[in-house]
Protein chains: 2
Amino acid sequence: MRTLEWDVNNQNLRMIDQRLLPGELRFIYCNTAAEVASAIREMVVRGAPAIGVAAAFGMALAAQRSRAVNRPQFLQELQEAGETLRAARPTAVNLSWAVNAILKMVMESSASLSELKHLILDAAQCLADEDVAINRRMAEHGAQLINDGDTIIHHCNTGALATVDWGTALGVIRYAHESGKHVHVLVDETRPRLQGARLTAWELQQYGIPFDIISDNAAGYFLQTGQAQKVFFGGDRMAANGDVANKIGSYMLALAAHDNGIPVYTVVPTSTVDLTLAHGGLIPIEERSPEEVLGLQFQGQTVVPRGATARNPAFDVTPARLLTGIVTENGVIYPPFEINLLKVIKTSEGDQE
Amino acid sequence: MRTLEWDVNNQNLRMIDQRLLPGELRFIYCNTAAEVASAIREMVVRGAPAIGVAAAFGMALAAQRSRAVNRPQFLQELQEAGETLRAARPTAVNLSWAVNAILKMVMESSASLSELKHLILDAAQCLADEDVAINRRMAEHGAQLINDGDTIIHHCNTGALATVDWGTALGVIRYAHESGKHVHVLVDETRPRLQGARLTAWELQQYGIPFDIISDNAAGYFLQTGQAQKVFFGGDRMAANGDVANKIGSYMLALAAHDNGIPVYTVVPTSTVDLTLAHGGLIPIEERSPEEVLGLQFQGQTVVPRGATARNPAFDVTPARLLTGIVTENGVIYPPFEINLLKVIKTSEGDQE
């Protein structure tokens with residue numbers, strides 16, 4: 001079962017509603033690009049690769065539902081849908097990347113409108129299948145970094161749920177496990193949305209990988225007392241120099257690992273690299289609703305006093321200097337990242353030609 | 001109103017039940033040393049200075065309730081009570097410190113048993129009053145480090161509730177505010193027990209100090225984007241070299257501040273310094289119940305999947321190299337801490353002679 005999938009019978013997009021996990025496994029169906037954008041904004045679907053593919057299906061829905069009678073009108077509608085989808089969440093570059101890929105294909109094609117509708121849906125399907133294939137390749141490359149017996153600290157959710165299937169950083173851990181290595185995962189709960197405690201813990205249970213949930217605050221303790229050997233997380237947008245925006249808290253986790261000589265790896269498809277940005281300070285950081293911080297309950301009680309306010313940035317930037325390596329579908333790359341990132345991306349584009 | 005206070009009418013110890021705040025302000029009354037130990041363990045009362053004074057009153061209760069007919073029997077009972085109290089929470093040194101101070105006084109005194117009972121209660125009262133006085137002096141020293149307009153990141157709760165009254169790190173911020181400086185506090189929610197979101201936010205509301213609650217993960221973002229100018233926290237035990245054990249997460253917070261050139265201050269009475277430990281790696285770190293991590297609810301749902309397990313260390317050690325200064329009742333001290341800590345502690349002991 002995929003996190004998101006085109007429903008052939010209903011001709012719409014079916015997604016697992018991740019807000020309800022692990023309590024309940026329920027699907028929602030999106031019929032328009034606007035519904036997809038809203039599902040992305042509300043985090044029905046989340047994870048950079050997954051929202052990239054969701055956006056591609058959003059474009060396919062815009063095309064399918066279009067009543068445009070000529071090419072300029074059709075293009076205009078697609079561009080508007082693309083804008084809506086891109087605006088849903090600003091940090092992950094995969095959204096723009098997928099929307100732009102579809103728009104480029106349409107603009108370069110001389111096919112008829114009805115042919116284009118099929119071509120766009122095929123392209124979205126392709127991106128979905130490609131996501132799974134890329135994740136498998138990253139997993140294979142990344143699993144070589146894991147030793148038998150490693151305890152790994154993992155941040156947020158980067159598993160099958162964050163992608164179409166298989167996962168990025170969690171996919172690496174899963175691959176190591178399935179190759180027979182003994183791994184133990186310390187699962188950062190990942191406040192405020194608790195993707196670690198809710199989703200990663202649930203996935204690890206499915207895979208039979210042993211784990212303990214920890215508060216995000218506790219990662220430093222395990223690193224400073226020698227109880228963890230690796231740190232793995234994903235990435236939402238990487239600048240040309242290797243600085244990577246990822247779920248809030250990744251930066252402090254990477255600092256603590258680095259301070260104790262523990263390797264830190266980010267696992268990102270090359271589509272996550274935004275070569276137009278020289279460094280991470282230029283990546284737009286989404287600030288989400290304060291309710292995500294304030295809505296907490298503990299042992300049946302509301303936690304915060306009435307009238308309290310909150311700030312809620314959803315991402316931070318881990319500087320490239322804190323990363324030991326970057327796992328991509330084209331292999332693990334090491335510093336100097338400015339140079340080596342460019343090499344794997346060129347290789348990747350070469351592959352596709 | 002003090003966090004903990006001897007109730008003259010009932011001849012017992014009255015404490016605010018901090019587990020119920022901010023929803024409800026309710027007191028509990030302890031009649032025996034064992035009840036005090038249990039209240040400390042269950043975090044009815046928490047904060048290194050507060051549990052130190054609570055332990056002193058625990059010793060007073062052991063003395064008051066004693067039916068010993070001779071001095072050895074009395075001493076034996078007090079020593080047993082001291083053991084129980086010391087074992088309640090291992091990390092904060094203030095507990096042992098207070099218990100030892102009482103035991104030393106008893107052993108050096110030639111007073112009768114009934115006189116001793118009064119003397120012990122007086123000593124506990126003295127420690128309580130001294131805690132408030134020491135906090136005021138720390139606040140005065142520390143407030144000089146705060147500039148008008150500063151945004152300060154604060155971890156855990158170090159306010160009146162963590163002490164008998166006034167507070168340590170939060171006392172410094174309060175003093176700066178009352179001196180007319182404009183300060184804004186970014187309140188780390190402080191998982192797993194959420195002392196920041198529950199207690200610090202509540203205290204700041206009482207004092208009229210503007211604040212926003214943030215997830216612990218978000219501190220790094222505010223530091224790396226220049227939105228915070230200082231970091232302040234307390235301390236539960238400081239080694240002779242200045243390494244300080246404090247609420248879990250302090251270490252990663254200090255790392256993030258240090259990485260961005262933002263000053264980090266710990267505010268600790270000299271009683272927090274344990275000269276018997278050469279460095280922070282020797283400080284015993286309490287690991288508490290996994291339920292503190294697993295018991296989380298969010299927007300009405302239990303968060304973690306059934307059967308999940310957790311690890312829950314309650315403290316970590318911030319190495320002295322990450323500290324800009326240590327605020328004590330005898331002034332702010334700067335590196336080299338090994339030397340300068342010894343100076344203020346000698347001064348402090350000199351004062352008491």
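Quick note on labels: first sequence line is chain A, next is B, and so on, each numbered from 1. Everything numeric in this text was worked out from a predicted model, so none of it was measured.
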Most contact-rich option vs chain A, by heavy-atom pairs under 4.5 angstrom, among Pro313(B), Ala218(B), Ala201(B), is Pro313(B)

Checking Glu189(B) side chain against Pro192(A) main chain: does a donor-acceptor pair fall under 3.5 Å? no

How about Arg321(A): does its CZ atom have over 12 heavy atoms from other parts shown lying under 6.0 Å from it? yes

Kindly give the heavy-atom pair with the smallest separation between Tyr221(B) and Phe315(A), and that separation in Å. CD1-O, 3.7 Å

Picking from Leu20(B), Val187(B), Leu199(B), Val317(B), which has the most non-hydrogen pairs under 4.5 angstrom with chain A? Val317(B)

Atom pair CG/CG of Leu296(B) and Leu296(A) - distance to nearest 0.5 Å: 5.0 Å

Top of Gly220(A), Pro305(A), Ala197(A), Pro22(A) for chain B proximity - count of heavy-atom pairs under 4.5 angstrom: Pro305(A)

So which part of Glu203(B) gets closer than 4.5 Å to some heavy atom of chain A, the side chain, the backbone, both or neither? neither

Heavy atoms under 4.5 Å from chain A: which residues of residues 250-262 of chain B carry them? Tyr251(B), Met252(B), Leu253(B), Leu255(B), Ala256(B), Asp259(B), Asn260(B)

Counting heavy-atom pairs under 4.5 Å to chain B, which of Asp188(A), Leu186(A), Ile285(A), Leu21(A) comes out on top? Ile285(A)

To the closest 0.5 Å, what do you measure between CD1 (Ile213(B)) and OG1 (Thr309(A))? 7.0 Å

Leu194(A) versus Val303(B), closest heavy-atom pair with distance: CD1-CG2, 3.8 Å

Under the side chain to side chain contact (heavy atoms under 4.5 Å, CB included) test, residues paired with Val93(A) that sit two or more places apart: Arg237(A), Asp274(A)

I need the residue from Ala314(B), Ala310(B), Gly307(B) with the largest number of non-hydrogen atom pairs under 4.5 Å to chain A. Ala310(B)

Can you tell which part of Asp216(B) gets under 4.5 Å to a heavy atom of chain A, answering side chain, backbone, both or neither? both

What part of Leu294(A) gets closer than 4.5 Å to chain B, counting heavy atoms only: side chain, backbone, both or neither? side chain

To the nearest 0.5 Å, what is the distance between CG (Asp316(A)) and CZ (Phe222(B))? 10.5 Å

Using a cut-off of under 4.5 Å on heavy-atom pairs, state which of Lys247(B), Glu292(B), Arg193(B) scores highest against chain A. Glu292(B)

